[in-house]
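Excluded from the calculations below are hydrogen atoms, water molecules and symmetry mates; all remaining heavy atoms, backbone and side chain alike, are included. Below, read A as the first sequence line, B as the second, and so on, with proteins coming before strands; counting in each chain starts at 1.
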There are 2 protein chains.
Amino acid sequence: MIDRASGLPAYRQVADELRKKINAGEYRPGDKLPSERVLVDTYQVSRITIREAVGLLRAEGLVSAEHGKGVFIRPPQKVERLSRSRLSRAARSAGQAAFLADAASNRFTPAVEVDIRVEAATTEVAQVLGIGEGDEVLVRERVMSADGQPIQLATSRLPRSITAGTAIEQTDTGPGGTYARLEEAGHTLAHFSETVGARMPTPDEASLLRLGAGTPILVVRRVAVDTEGAAVEVNDMRLAGDRYELAYEFPAD
Amino acid sequence: MIDRASGLPAYRQVADELRKKINAGEYRPGDKLPSERVLVDTYQVSRITIREAVGLLRAEGLVSAEHGKGVFIRPPQKVERLSRSRLSRAARSAGQAAFLADAASNRFTPAVEVDIRVEAATTEVAQVLGIGEGDEVLVRERVMSADGQPIQLATSRLPRSITAGTAIEQTDTGPGGTYARLEEAGHTLAHFSETVGARMPTPDEASLLRLGAGTPILVVRRVAVDTEGAAVEVNDMRLAGDRYELAYEFPAD
DNA sequence: AAGTGGTCTAGACCACTAC
DNA sequence: TAGTGGTCTAGACCACTTT
């Protein structure tokens, strides 16, 4: 099976063979790969070489190993689509914060853990919010769960000058959430600007979001801008890449 | 350095130590980690254990190894921001296809390789385009490069019934690109709808985009809809996650 | 008890980079 | 030539799951 003279390392050849069989449907989602000891016999290489091959497939997110049970073909995850147009004023006045609106439309039971603190603005945050470096910012750090499973990490930062004395500094921001409170405080929102990127999670993020190996995260930064052109909130969100996709719609002209 | 009784595997402890030093700035971007043999002495573990530790950091995208040279702290990549509002009719009539508009605004020299073919619509594509399964679709598969470096893979699919006889079936679609030709053919575009996800690249994608280990890709599907509500094009794009972020803007109400 | 993946060792040789 | 990471071996024992 393995061509020692091909120049391609043995573990790559084994990985290529297994990947081909998976893509060809020879192994189906949920199926167990042959055990490492069996693969050692099949390909006539050492166990470490087999483990390196399987490690490649794991890093690709193609399979996942379960201790004591085996290595399984990863079934395609059900992907939730998060439509960004949900951030509407109508929804806010109806008493729905963004995450709760998602919960309603996707029918899951939401739960949010919140940690609130005050920080000095870093250079980067100060620039985005248009405030001075070192100025006080309110930080709301949240872990959002659906049906008990953590699915999103979000860190909002707002100028303390805006939030002081409002419910934004409380755990429960009330009906409509932070954005509704901002508008009550005179900061009518004009538009949102979101940037979307992807990277591998830190170990902390991976364990919080219960991500398997080979699963990247979507990194979203949302900036809320009021009618005076001032940025009033910057929200950094991190979502499991295998469970979420973001949907945007925009006109052609 | 390594606590054998802690329950935490040695390679995790080594990885944690190194990660902490990187994040603390003890090793700076571009710096070389101590060689594997040195780390073996430092932590008193076997070389395979060291390699496993470094492998973790590589999978996280934190470091990258260069054969014969060493393992280096990955410097933060310069991230290009792709604004999606660029898909405007004004730009199209000015003769700019979307990718070329990006090139102009970000000042790089663009190059595109195109492969054109006709396929039968899969169930999924047929559903998106609102045509029959097995109907002919024109497929334009492209590798887009900036300054000689491949940066984006894009696969467009359009109903053959629309493209037959137009320049869309040619390598060079002419000024304004595919979208301009669609409008000339009577399909005035009304809006675009994009979904954004993230996943690890296949080996093919990784080599085409020259991605290092631990680098995910952004997966964007854009659907162009005309004024009659018909989907006229579906474009699947893949971008290097360490070099791009997408920017969207939308009103607050 | 048997089978699975997880961790680890002490080596060996190769391929690439630098001097 | 010397130093680096890349590949590979033949074992060993551990932790977890299933029967």
Exercise. Look up atom CG in Leu209(B) and atom CD1 in Ile217(B), then write down how far apart they are to the nearest 0.5 Å.
Key: 7.0 Å
Practice problem: Write down the distance between CD1 (Ile2(A)) and P (dT7(D)), rounded to a whole number of angstrom. | Solution: 14 Å
Practice problem: Under 4.0 Å between any heavy atoms, over every strand shown, what does Val54(A) touch: base, sugar-phosphate, or nothing? Just pick one. | Solution: nothing
Self-check item: Distance below 4.0 Å between Ser35(A) side-chain N/O and dT4(C) OP1 or OP2
Solution: yes
Quiz item: Rounded to the Å, how far apart are Lys32(B) NZ and dG3(D) C1'?
Solution: 8 Å
Quiz item: What residues form a side chain to side chain contact (heavy atoms under 4.5 Å, CB included) with Ser156(A), not counting sequence neighbours?
Solution: Arg140(A), Arg142(A), Leu158(A), Glu233(A), Asn235(A)
Quiz prompt | Arg51(A) vs dG6(C): side-chain N/O to OP1/OP2 distance below 4.0 Å | solution = yes
Expected list for residues 23-31 of chain B: side-chain donor-acceptor pairs under 3.5 angstrom, two or more places apart:
{"residue": "Asn23(B)", "atom": "ND2", "partner": "Arg19(B)", "partner atom": "O", "Å": "3.4"}
{"residue": "Asp31(B)", "atom": "OD2", "partner": "Arg28(B)", "partner atom": "N", "Å": "2.9"}

Practice problem: Could you grab the distance from atom CG of Leu57(A) to atom CG of Asp16(A), nearest 0.5 Å is fine? | Solution: 9.0 Å
Quiz item: Has Gln149(B) got more than 12 heavy atoms of other residues, nucleotides or ligands less than 6.0 Å from its CD?
Solution: yes
Quiz item: salt bridge (Lys or Arg N to Asp or Glu O under 4.0 Å) with Glu52(B): which residues, sequence neighbours excluded?
Solution: none
Check nucleotides 8-11 of chain C against the protein and report each pair of N or O atoms closer than 3.5 Å, with its distance, or say if there are none.
{"residue": "dC8(C)", "atom": "OP1", "partner": "Ala10(B)", "partner atom": "N", "Å": "2.5"}
{"residue": "dC8(C)", "atom": "OP2", "partner": "Ala10(B)", "partner atom": "N", "Å": "3.3"}
{"residue": "dC8(C)", "atom": "OP2", "partner": "Tyr11(B)", "partner atom": "N", "Å": "3.2"}
{"residue": "dT9(C)", "atom": "OP1", "partner": "Arg4(B)", "partner atom": "NH2", "Å": "3.0"}
{"residue": "dT9(C)", "atom": "OP2", "partner": "Ser46(B)", "partner atom": "N", "Å": "2.7"}
{"residue": "dT9(C)", "atom": "OP2", "partner": "Ser46(B)", "partner atom": "OG", "Å": "2.7"}
{"residue": "dT9(C)", "atom": "OP2", "partner": "Thr49(B)", "partner atom": "OG1", "Å": "2.6"}

Quiz prompt | Residues which pass salt bridge (Lys or Arg N to Asp or Glu O under 4.0 Å) with Glu133(A), listed by chain and number, not counting sequence neighbours | solution = none
Quiz item: Base, backbone or nothing for each nucleotide of nucleotides 14-19 of chain D, written B, S, -, heavy atoms under 4.0 angstrom, 5' to 3'?
Solution: -BBSS-
Quiz prompt | Heavy-atom donor-acceptor pair, Gln13(A) side chain to Leu8(A) backbone, under 3.5 Å | solution = yes
